[in-house]
Amino acid sequence: MSRPLVTLALLDAANDRDPVVQEQVRKSILTLGNQQPDKVLSMCQDYLLKHPKLVVGHRVVILQTIELVVKSRIDDISYPKIKSVIQLASDEMTKSKEVVPEWQQAASNILVAVGNKYINDIMEEILHKFQPGVLPHFFVVQTLANLSDSNVYGMVPFLNAIMGTMLPMLGMTKQDNMKWVFSSALCHFSESILEYLANLDKAPDPTVRKDTFSSEIYSAYDILFNSWIQSRESKLRLTVAEALGSMSHLMAHDKLEEQLPKLLPTILGLYKKNSEHYIISKSLCQILEASVNMGSRVLETQIDGLLVALHQQICSPMDFSNPPTVKNHNEVLRCFTILANTFPDRLMVFVLQRLENSNERNRMGSLAVLRHLINSSTSIMETKRLLILASIRQPLADHSNKVKKRVVQVISAMAHHGYLELEGGDLLVRFIIQHCALPDNYHRPPDPEEVTNEALRSMCDNTLHLFTTTVGRLTDVLWPMLLCYLTPNQYANATTPLCKSLILLANKKQTAQEPNFIIDFNAQGSFLYRCIGVILQQCYNKELVRKQLQEILISTRHNDAIERTGVAMGIGLCASSHLDGTLEKLEEFGKSDAFRKASGIFGLLKDKNEVDVEKMKSTLILCYGYVALHAPEDKLLTRIDSDILHNISKNFNTKDLTMKLSLIHSVGLIAKAISKSVRKQGYLFSRKQELMGVMMDFIKAEPTDVMRTPVRYLVLTTCANLMYPTILNLSCVHLDYCSFLFKRFISTLVLMNLSLSFFLSVRRAAIDCVYRLMYIQLRYEGFSLDYKDDSVEGLLDVREKLSNPDHSVLYKTCSELTKIISKRLPQQQLSTLLFMLYDGLVDSQSNCSRASSVILNTLLKNRGAGLQDLVPEMLEVLHNRLQVIGEEQVKMAIGQSILILATQHLQTVVNTLVAYPLPYDSWSCEMWIALGADSTLALQIMEMIIEKLNVMVPYVDKKESMLRPGLTKVATSQPLAMTCALREMMLSGQSADAVAYLFPKLFSALLVRLGSSVGVQLPKDLNSNSIISDRKTTNKINVANFDVCGVAVEALRILLGRAQLDTVMKPLDQEGAWDKMKDPQQHTTGVTLAMAKHAGPRLPAIVESLCPSLCNIYECQRITVTAFFSELLNHHVVTELMILDMLMNNMMERITDTCGTVRMLAVRGLGNIAVGSPEKVNKYAKELLAAMSSGMEENDDPGKLITLEAMSGMSKILLYLDQKNVHLLVVYIFMKIKPFLENVSACKYAMRICAPVIGSEQISAMFQNHLLEEKGLHHGEFINDLTKYLVRSKSFLYYKNTHRIAECAYEFRDSFL
């Protein structure tokens, strides 16, 4: 059969119902097409054309076959055939107006395949069906989208035009499927453009830039975001979100910044509306990336909501059988990485805080983020390593195997980045080894996702092996550390992986001939004795055990402290299986000849090499302690009194330090053993009181001048252990005693615990004491014996954190501990503890003072709300402490204390500090500065002070002397104090936000205050109302430098600086304006001028704030504000800011003020309109002329200042008035200036100014040329010339008013003569 016939037969068979047959047909035709592409394509085309009614499935197979041939042999297909294939595919794709996805997609795919080489031909065909104003076929848009993916470099040059055509279509689109395809296309277009821009070196046109597309992208964004994303159709919402993510990279920076506060919450909100989250997370990631790349400032305001939403996502379960959940997980992690690069501190605090949440999902999600950040953001995490090491300890104690699995993954990541070499890394190694020793699960968990013990153990085995073989940097960490885990019984099941790792490590070190390969077992004696103890545990030959114990006790070097401890631990381990035999051997050894000490004079002849009996006794005493610790619980309690305490109590009176330490340690071990056993068995620890007394005697015998002694810290540990059984056996008699203990010792123990200068063991012991005391208190309050308090139990977690040497972690631990204590501390004890902590602030040990500050602030946060009556006293104590504290960190903490009190008792704190003696000393100033450190609180306080300054009496008029007439203005104390307070608060850099928000009100209040302070004196009894009696007498030197007006000027200067108005301050500094402000005559001029020139946008709010002061009863305040407004009118900025009407109306009202100075300033301001806004003169001509006329006719004007100001204003206004407004005023003006013509200079000036309004160019030129101040004048000639010009003039105005003008001229002559 010929090939054409075969091809035809295959085309007929393409309609077979069996998909396998269809696939085989496609492959067969492709084989023929590879040999004769043009021929086969022609046959396929002809077949489709001859059979227009083929079923869809049949057409699809043929179209798919055409696509395969085109893809395979596109370089060999003739151009005419390509053109015909394009036409066929285009017609097939758009033949049906309805969407038939399978058919039309097959046709579209052909166009995309051809477009990889013939993009121009494809676009020519497609764009015929993509016309402006007409909605295109669904698959036309889809094809454009797919083309942009498959041929980036070919399509991007077309995209600007395509999007220009598309944008109007978006507004016409009503159907969801069209919205979907447009959104999808925009997404593909954006991604193609980004790929093109990322590879410009390969692009045909390297001049293409992102801003080429920004305008079209933003227009499309506007429709998608404001309309389509609200759709009820989930699929459309997701596609729109995906598009917005891609488009965000192409938006102009300012547009994206503007949209972020709306865009981010909207995207986050989609999580709740859609079940599939991958697309949302992908979009969010792109938006975050775009925001970070452009350096967004708005992003920081959204960070809290972002972190919460992302954390919820990362905590969602991940189903590996459902790929979108895995993809979503990875995209969320990418989001965290982006945020980590920009906000590392806030992100780490957030993640590590979430680790504290014991919820399984929460903790697993947080660990996943932590692991990812350790691996992906190495440089950023570098400075956070100690913090992470400290924070990972909490999940180490989690009981969930799922959480433990995540912890192991995090530890593995940490190992590869150098965490385990740091202090605290050994705890993570121990965690791995602990879980190498997990027992099997006997009951399989029903949850298939549950992590079994076997799976977790296997994972830890592999991790330990990985540490040993691939993390070379860990070799010196693991060797010889792993040896120490071979002997303890709890790690017995981990022996195999431990030994494998040790062998590998040993071989590695031996091969490298490293010096630390050889271990000095003399220094490891303790370890070897423990090994022997473990071996004897497993030995069932009692006689052999006895012989070995005898050998150990005899051969021990009792003078060596390490060996003594090792022997005791080994014998204790042996006792866990052989209690009776061990006790018998110890008693036998205690009675042996080795303990017979020479007495009398012959004792002096003892050999110096002879073993010290006290050291041997110390070994024996320690042995009894460790025997009790490891003894079986069901046998221990019957042997405590008769066999253990009986044998060690013989040595309670010793003076030997080594024996004391051994006794204390041993008693502590016994108490600990009893506390474990007594929980399961009833037991009365009858010798407890005796042992407590012995411990107290040991402490009393210690030197009083040294705090840190080994005896003290061991006694603390022992007392903690001894007290626990007490709690379990409290009687009514004990309760009162225990309450007394609580009241006496809680403060001391907390401070001792948190003083970082104490040894770790002291801190841990103090924690134990606090723990016991808390339960004593709970029993005293009536709680049952078996009651477990969650907060008190939290002390045990806190205790574990104390081993971290990082001070920042320890201070955080202090805070956690105090939170726990504050929940259970009785109210009557709170003040005692607080004032003890105040004393701790001045401790000579910096760690103690810092710890005190941490506890203090935590207590105040949690309990300060109920301490209102103590606030003044606490503030005074803090004021006193500031005077002697040199530690900067503690000073900052005191500032924090003041802030905390203020958040709880704002009015009380402000009233107290305001009442401190003036001028404020440096410590009072520090307290006010501290209040400015919190912008929210500073805002409240500043508003409170502004409100009071606006209503308080600024000064009183007092008669100073009977001999001197007149009154003196004397400042009132409270407004003065509040101005000082404002000044100090604004010195805090953190107050900038509050100052920016309140700037108009602050500026207005201080400007008015400045007006109220000029020429005002300090009261003689400045601090008569001070709340601090011993400070009412003020330092005379300080008062001499204290100036009422100076305080207001300084506050205003600080305000301008804090508001970053450098352009205002610079001219004020240069012109010495600060000193001028204290001058009653010019105190407003300088600051007004600078504000008008350089603080434009702030002026409307300032003017609005100042307006009420124009009606104030105090003239000085009205004068200040009117002068300010008057000067503002001298600048065009008031017109630009549209406040001219407001200012003019206020000035018009002030023309009738009772104060002449205010009236004069109002007239000046209205005249200034002609200078600042000359174009407005004719608009307000009526009002301005009326005001000037009123000023000229002022009767209550002794110095004629108002009249002169009105004339000056009139002269400014006349320059811009229309002729029709001027002609009728000429005579009036000349008549008004007539009384002032007695002064030659004034007369010349007035006539020069008025000349233009006469309407004669000759007269105007004559006045300007001859009436100069410095130039002489022949009056007769001047009059003659003036008369000639008047007569020649044809203006009716001149004829009508010539005699008036002449009259004025003669007045001028008289003044001249």
Side-chain angles (χ1 to χ4, degrees), residues 311 313-326 328-330 332-333 354-372 374-375 391-416 419-420 425-471 474 478 482 485-486 488-502 504 796-797 800:
H311 192 265
Q313 286 299 305
I314 207 66
C315 293
S316 299
M318 184 170 46
D319 182 1
F320 285 97
S321 64
N322 183 7
T325 65
V326 179
N328 181 59
H329 185 85
N330 293 334
V332 173
L333 289 176
R354 291 305 184 278
L355 274 183
E356 298 174 4
N357 190 326
S358 59
N359 176 274
E360 183 180 84
R361 278 193 182 179
N362 263 321
R363 197 163 262 180
M364 287 177 68
S366 302
L367 288 167
V369 175
L370 188 58
R371 177 196 180 197
H372 178 75
I374 290 169
N375 283 326
S391 301
I392 195 68
R393 294 183 183 183
Q394 201 150 19
L396 292 182
D398 202 294
H399 298 298
S400 163
N401 276 4
K402 289 182 183 179
V403 173
K404 289 178 181 178
K405 179 180 177 181
R406 284 282 170 89
V407 171
V408 173
Q409 291 170 340
V410 173
I411 292 173
S412 182
M414 294 168 79
H416 285 84
Y419 286 70
L420 302 193
D426 56 324
L427 294 176
L428 306 184
V429 176
R430 183 173 72 187
F431 178 85
I432 298 295
I433 296 168
Q434 280 176 337
H435 292 86
C436 288
L438 276 179
D440 289 346
N441 280 113
Y442 294 108
H443 302 289
R444 292 291 173 185
D447 181 0
E449 293 184 5
E450 186 59 60
V451 179
T452 64
N453 277 7
E454 293 90 335
L456 183 59
R457 186 177 65 225
S458 175
M459 184 182 185
C460 290
D461 287 353
N462 293 333
T463 302
L464 185 60
H465 182 73
L466 188 74
F467 288 174
T468 309
T469 55
T470 64
V471 189
L474 281 182
L478 300 175
L482 295 186
Y485 293 101
L486 287 173
N489 195 43
Q490 63 264 39
Y491 305 118
N493 291 343
T495 302
T496 301
L498 280 170
C499 288
K500 286 180 180 178
S501 292
L502 283 167
L504 290 168
L796 301 179
D797 292 333
E800 297 309 310

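Taken to the nearest 0.5 Å, the OG atom of S458 stands 14.0 Å off from the NE2 atom of H435. Going from atom CD of E356 over to atom OG of S366 covers 10.0 Å, rounded to the nearest 0.5 Å. For the atom pair NZ of K402 and CD of E360, the computed distance is 5.0 Å after rounding to the nearest 0.5 Å. Atom CE in M364 sits 10.5 Å away from atom CG in N359 (nearest 0.5 Å). Interatomic distance, M414 CE to L370 CG, rounded to the nearest 0.5 Å: 7.0 Å. R457 contributes atom CZ, which lies 13.0 Å from atom NZ of K404 (distance to the nearest 0.5 angstrom).
Across every non-hydrogen atom of L456 and N401, the tightest pair is CD2-OD1, 3.7 Å. Across all non-hydrogen atoms, the minimal contact from L464 to P497 is CD2-O, 4.0 Å. The minimum heavy-atom distance linking L486 with C499 is given by the pair CD2-SG, 4.0 Å. When all heavy atoms are compared, the tightest approach of A437 to Q490 is CB-O, 3.7 Å. The two residues A368 and L333 come nearest to each other via the heavy atoms O-CD2, 4.0 Å. Pairing each heavy atom of L355 with each of P395, the nearest pair is CD2-CG, 4.1 Å.
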In sequence, state the C-alpha distance, the side-chain angles, and the governing distance for H416 and I374, and then conclude on side chain to side chain contact (heavy atoms under 4.5 Å, CB included).
CA-CA 9 Å; H416 285 84; I374 290 169; over 6 Å; no

Give the C-alpha distance, both sets of side-chain angles, the deciding distance and a yes or no for side chain to side chain contact (heavy atoms under 4.5 Å, CB included) between S501 and L478.
CA-CA 9 Å; S501 292; L478 300 175; over 6 Å; no

Might you work through the side chain to side chain contact (heavy atoms under 4.5 Å, CB included) test for R371 and R406, ending with a clear yes or no?
CA-CA 9 Å; R371 177 196 180 197; R406 284 282 170 89; 6.0 Å; no

Report the C-alpha separation of I411 and F467 in whole Å, then their side-chain angles, then the decisive distance to 0.1 Å, and conclude whether the side chain to side chain contact (heavy atoms under 4.5 Å, CB included) test is met.
CA-CA 10 Å; I411 292 173; F467 288 174; 3.9 Å; yes

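Side-chain contact between L498 and C436: absent, with no pair of heavy atoms (C-beta onward) separated by less than 4.5 Å. For the pair T325/P317, no side-chain contact is recorded, criterion being any heavy-atom separation below 4.5 Å from C-beta on. Residues F431 and V408 are in side-chain contact: their nearest non-hydrogen atoms beyond the backbone lie under 4.5 Å apart. Considering only heavy atoms from C-beta on, N328 stays 4.5 Å or farther from M318 through its side chain. Side-chain contact between L482 and V429 is present, with at least one heavy-atom pair separated by less than 4.5 Å. Residues R363 and D398 are in side-chain contact: their nearest non-hydrogen atoms beyond the backbone lie under 4.5 Å apart. The shortest side-chain heavy-atom distance between I392 and L367 falls under the 4.5 Å cut-off. At least one side-chain heavy atom of L396 sits under 4.5 Å from a side-chain heavy atom of L428.
Other residues, nucleotides and ligands contribute only 12 or fewer heavy atoms inside 6.0 Å of the NE2 atom of H465.
Classification of D797 and R393 as a salt-bridged pair fails, no side-chain N sitting under 4.0 Å from a carboxylate O.
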